[in-house]
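A quick write-up on the structure given underneath.
Predicted model only: the values in this text are computed from it and were never measured.
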Number of protein chains: 2
Amino acid sequence: MRARVFVTLKPSVFDPQGKTIQDALHTLGYAGVHDVRQGKYFELDLAAGSADAARALAAEVADKLLANPVIESYRIEVE
Amino acid sequence: MRARVFVTLKPSVFDPQGKTIQDALHTLGYAGVHDVRQGKYFELDLAAGSADAARALAAEVADKLLANPVIESYRIEVE
């Protein structure tokens, strides 16, 4: 099964990379872009018998390796 | 409006970062993770009158700045 994991900085954490992209877009003339947050995106190909099992495995992997739970949160989609 | 942009390496492009994560997961005992691809994830807060306008703006921004169209492809979701 395929799981998608989206890792983003928590809203309270400053995102300098996103801010830099936002400034660059304003310089390029895209004043309509008010805010940019950058995160990480992972596609996992998992051996799991059910969607629930795949979600549990992806969450365990995200907790241990993909995200830093102190400053980042993550969201999982399974298909 | 909020647009989400997912940027991934094209399937034909080798992803050394994903391969390293996969190897690390196998070392940690997660043999059920067959494949990992890493990409980038952007949340854009846009001034746009409609979902179509937001999607068009996000696509333009992705083409110009967020993705390298030679080796990367992207997908956009608008909400």
Side-chain angles (χ1 to χ4, degrees), chain A residues 1-11 13 15 17-50 53-67 72-79, chain B residues 1-11 13 15 17-50 53-67 72-79:
Chain A
M1 302 194 79
R2 183 166 293 268
R4 299 196 173 109
V5 182
F6 311 90
V7 178
T8 48
L9 288 168
K10 290 181 179 173
V13 179
D15 178 7
Q17 202 167 1
K19 185 70 171 61
T20 301
I21 294 168
Q22 182 187 337
D23 290 346
L25 287 172
H26 286 185
T27 303
L28 287 169
Y30 295 103
V33 181
H34 291 320
D35 188 38
V36 179
R37 302 279 291 178
Q38 170 153 23
K40 291 176 284 184
Y41 170 58
F42 302 91
E43 285 182 357
L44 308 176
D45 188 10
L46 302 171
S50 69
R55 185 177 295 275
L57 177 55
E60 200 176 325
V61 162
D63 275 327
K64 284 216 182 153
L65 194 72
L66 303 181
E72 292 172 330
S73 57
Y74 62 85
R75 189 165 56 83
I76 293 170
E77 286 177 5
V78 173
E79 69 178 25
Chain B
M1 303 196 80
R2 183 167 292 269
R4 299 196 173 109
V5 182
F6 311 90
V7 178
T8 50
L9 288 167
K10 291 182 178 171
V13 178
D15 177 6
Q17 201 168 2
K19 185 70 171 61
T20 301
I21 294 168
Q22 182 187 339
D23 290 346
L25 287 172
H26 286 184
T27 303
L28 287 170
Y30 294 104
V33 181
H34 290 322
D35 188 37
V36 179
R37 302 279 291 179
Q38 170 152 20
K40 290 176 286 185
Y41 169 59
F42 302 91
E43 285 181 357
L44 307 176
D45 188 11
L46 303 171
S50 69
R55 185 178 295 275
L57 177 56
E60 200 177 323
V61 162
D63 276 327
K64 283 215 182 154
L65 192 74
L66 303 181
E72 292 172 328
S73 57
Y74 62 84
R75 188 164 57 83
I76 293 170
E77 285 177 6
V78 173
E79 70 177 27

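Annotation: maximal heavy-atom pairing with chain A below 4.5 Å, among B/V61, B/T8, B/L57, B/L28, occurs at B/V61. The greatest number of non-hydrogen atom pairs below 4.5 Å with chain A, out of B/R2, B/E60, B/Q22, is found for B/E60.
Using a 4.5 Å heavy-atom cutoff, the side chains of B/Y41 and A/R4 are not in contact. B/V33 is not listed as a side-chain neighbour of A/D45, based on a closest heavy-atom distance of 4.5 Å or more.
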### Task
Go through the steps for B/K40 and A/K40 under the test side-chain contact (heavy atoms from CB on, under 4.5 Å), then give the verdict.
CA-CA 5 Å; B/K40 290 176 286 185; A/K40 291 176 284 184; over 6 Å; no
### Message
Could you go through A/D35 and B/L44, starting from their C-alpha distance and side-chain angles, then the distance that decides it, and tell me whether this counts as side-chain contact (heavy atoms from CB on, under 4.5 Å)?
### Response
CA-CA 6 Å; A/D35 188 38; B/L44 307 176; over 6 Å; no
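Atom CD of B/E77 has more than 12 neighbouring heavy atoms from other residues, nucleotides or ligands inside a 6.0 Å radius. Counting non-hydrogen atoms of other residues, nucleotides and ligands closer than 6.0 Å to NZ of B/K10 gives a total above 12.
Only the side chain of A/L65 comes within contact range of chain B, with at least one heavy atom under 4.5 Å from a heavy atom of that chain. Heavy atoms closer than 4.5 Å to chain B are found in the side chain of A/Y30, but not in its backbone. Contacts of A/I21 with chain B are made by both backbone and side-chain atoms, with heavy-atom separations under 4.5 Å.
Interatomic distance, B/L66 CG to A/L25 CG, rounded to the nearest 0.5 Å: 6.5 Å.
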